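What follows is a short report on a single structure.
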Amino acid sequence: MIDKIQLKSGSSAGKPNLQFDVSPITIFVGPNNSGKSRILIELENYSRRTHGQANDLVLENLTFSSFTQEEIEEEIIKIETVPAVGENVSPGNVILSKINPQNNSALRQQFNKQGLINEAQNPNQRQGHYQGFLNMYTMRLDGTNRLNLLTEQVAGDLQKTPANHLAHLFINNELRAKVRRIIHDAFDKYYVVDPTNIGKLRVRLSDRAPISEREEKGWETESINFHKEALEITNASDGVKAFSGIITTLLAGDPKITLIDEPEAFLHPSLSNKLGNEIGKSLRASKKRLFVSTHSSNFLMGCIQSGSPLNIVRLTYKNGVATSRILPKDKILKLMRNPLLRSTGVLNGLFYESVIVTEADSDRAFYQEINERLLANNDVRGISNCLFINAQNKQTVWDIVHPLRELGIPAAGIVDIDVLKEGGQVFSKPLNGTFIPEPSHQAFHNQRQTMKTAFDNSGQNMKRDGGVEILDDANKEACNNLLNQLEEYGAFVVRNGELESWLSNLGATGHGSKWLIEVFEKMGENPEDANYLTPTSGDVWDFMDKIRGWIDNPNKKGIPK
């Protein structure tokens with residue numbers, strides 16, 4: 001029912017507004033307060049009214065799909081109902097009725113049939129008949145109403161159009177078997193529809209499958225006993241109710257436009273992945289449209305793995321500037337399939353404003369703790385909404401930074417000064433990873449070689465003996481100039497030499513995890529303790545400020561436009 005979406009922002013300030021063709025699934029990702037939940041509300045309002053509102057902040061315009069005459073007539077037949085006793089129906093009109101699963105209320109409206117048929121073939125004229133029709137097929141699920149999707153419902157007249165999604169499921173054995181298979185795979189329980197409260201339908205979870213349709217759907221003693229032994233789903237956990245309700249509603253409720261805010265709520269990560277996968281499979285060849293706002297990389301991966309056509313849209317809002325960009329699915333797949341990237345949880349970077357990548361886990365833990373203390377002290381040098389992840393060494397830092405930046409995520413790399421030790425392809429990795437223009441590479445290689453020679457001539461170890469400080473004045477200035485240029489592109493080198501050179505006044509010794517444990521002990525763990533280390537001027541605190549400056553710079557270098 002929706003062909004195109006246009007937003008009010010583009011990939012960066014001054015860029016054209018994002019416009020894209022809608023696929024069965026559109027997933028909105030991004031940091032908190034970026035507009036993900038807001039756009040679902042605006043999409044719902046626009047769909048129900050077939051026009052936007054003056055206070056819309058994210059959504060600019062929707063282009064609705066047109067129906068052929070045969071398609072719209074088929075849809076009308078599905079939900080046409082008979083007039084109530086004494087109800088006046090104007091000539092040429094029909095009454096359409098549909099249960100909205102999100103609140104189990106009936107949407108019932110009288111339409112001029114020919115007027116609706118005409119408008120459905122030209123839906124972007126924004127006329128009243130199509131607006132009412134579209135409203136019946138639009139559903140938004142939030143954290144509360146998704147838990148009530150499977151409450152007991154009236155069976156209605158099963159010889160007529162099903163009154164609700166449970167009635168539809170009850171009479172459609174094939175569809176019920178599909179839902180049962182999904183729920184069994186997820187919870188090792190059998191999803192059954194219980195009719196034994198005469199005139200009502202309710203969902204139960206059984207330890208065994210029904211022996212026959214008659215056992216599940218009948219009123220005999222065998223059926224009564226079978227359902228009595230099964231758990232009524234309203235007594236199940238929130239995770240079971242949410243998962244089962246979403247699956248049931250999407251498969252049996254027949255919404256054409258569904259909007260779900262944080263479908264991962266109440267779900268274990270593995271269930272989030274399965275939910276995304278099953279939703280994707282169910283919509284793969286469908287004309288239905290699902291719009292999702294999520295913070296879950298597991299749900300996102302499940303949708304991608306389903307093979308369903310989808311759009312991934314990343315929204316951000318920082319310092320009064322909104323951005324939106326389509327993330328290429330092939331690049332997301334690279335993050336999922338590459339063992340190094342997958343093991344670091346790099347996909348979680350989609351949900352943060354920025355990412356910092358370090359050489360090893362000890363580096364990650366230390367810099368993250370430094371940043372947390374800055375934030376706790378309301379120090380302007382702290383970096384908010386930032387994900388810290390670690391690579392395996394200084395070379396693989398850039399294997400993580402590069403794909404994140406391709407997705408428009410400000411990803412900075414931190415490495416020790418021995419990044420200058422090797423040339424050739426090894427030093428090309430930070431240059432390529434930070435998108436330094438190719439014509440500049442040779443100049444960087446030449447400077448690196450000059451600095452490497454200067455360090456060798458000093459007779460000292462560049463990492464252990466003081467970094468840039470072991471050079472004479474001329475070479476020190478040249479080396480700082482080189483490192484300044486790298487910092488402009490978000491590549492940050494520890495000028496003192498290495499991780500263990502920070503906070504030297506604390507007297508921590510050793511290397512790697514041994515040093516980390518000792519330095520953390522000396523930094524203290526209780527903020528109320530007089531010896532607890534808080535931010536001061538200089539040292540690693542100012543180093544973090546340099547990284548924050550690059551991240552916050554709206555004109556930062558190294559991010560593809």
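Computed over heavy atoms, backbone and side chain alike; hydrogens, waters and symmetry mates excluded. The structure displayed is predicted, hence computed values, not measured ones.
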Any donor and acceptor pair, going by atom type alone, linking the side chain of [X] with main-chain N or O of [Y] inside 3.5 Å?
X: R289; Y: I2; value: yes
X: E353; Y: K318; value: no
X: S23; Y: N311; value: yes
X: T248; Y: G245; value: no
X: K200; Y: D194; value: no
X: S212; Y: E215; value: yes
X: R314; Y: V29; value: no
X: K217; Y: F170; value: yes
X: R204; Y: A230; value: yes
X: D261; Y: S37; value: no

So which heavy atom on [X] is nearest to which on [Y], and how close?
X: A252; Y: L169; result: CB-CD1, 3.9 Å
X: K288; Y: L250; result: NZ-O, 3.3 Å
X: S223; Y: G218; result: CB-O, 3.3 Å
X: E406; Y: P560; result: CA-CG, 4.3 Å
X: T294; Y: P263; result: CB-CD, 4.3 Å
X: T151; Y: L166; result: O-CD1, 4.0 Å

Salt bridge [X]-[Y], side-chain N to carboxylate O under 4.0 Å:
X: E174; Y: K178; value: no
X: E262; Y: R146; value: no
X: K8; Y: E42; value: no
X: E80; Y: K113; value: no

If you measure only the distance, is there a donor-acceptor pair under 3.5 Å linking the side chains of [X] and [Y]?
X: D188; Y: H184; result: yes
X: N32; Y: H295; result: yes
X: S65; Y: D3; result: yes
X: E60; Y: N17; result: no
X: Y130; Y: N122; result: no
X: S324; Y: S9; result: yes

In the structure I gave you, are the side-chain heavy atoms of [X] and [Y] within less than 4.5 Å of one another anywhere?
X: R208; Y: I211; value: yes
X: I279; Y: S306; value: no
X: V203; Y: S244; value: no
X: I183; Y: F243; value: yes
X: L205; Y: F187; value: no
X: Y46; Y: N61; value: yes
X: L96; Y: L116; value: yes

In sequence, state the C-alpha distance, the side-chain angles, and the governing distance for E222 and R214, and then conclude on salt bridge (Lys or Arg N to Asp or Glu O under 4.0 Å). CA-CA 9 Å; E222 292 79 3; R214 185 167 183 171; over 6 Å; no
Side chain to side chain donor-acceptor pair (under 3.5 Å), that's the test. Do T323 and T316 meet it? Break it down for me. CA-CA 5 Å; T323 69; T316 69; 2.2 Å; yes
Evaluate the side chain to side chain contact (heavy atoms under 4.5 Å, CB included) criterion for residues Y367 and T358: first the C-alpha distance (whole Å), next the side-chain angles of each, then the deciding distance (0.1 Å), finally the verdict. CA-CA 9 Å; Y367 290 115; T358 67; 3.9 Å; yes
For a side chain to side chain contact (heavy atoms under 4.5 Å, CB included) check, start with the C-alpha distance between N298 and E264, then their side-chain angles and the critical distance, and finish with the verdict. CA-CA 9 Å; N298 294 288; E264 68 273 13; over 6 Å; no
Do the ring planes of F28 and F291 sit parallel (below 30°), tilted (30 to 60°) or perpendicular (above 60°)? parallel
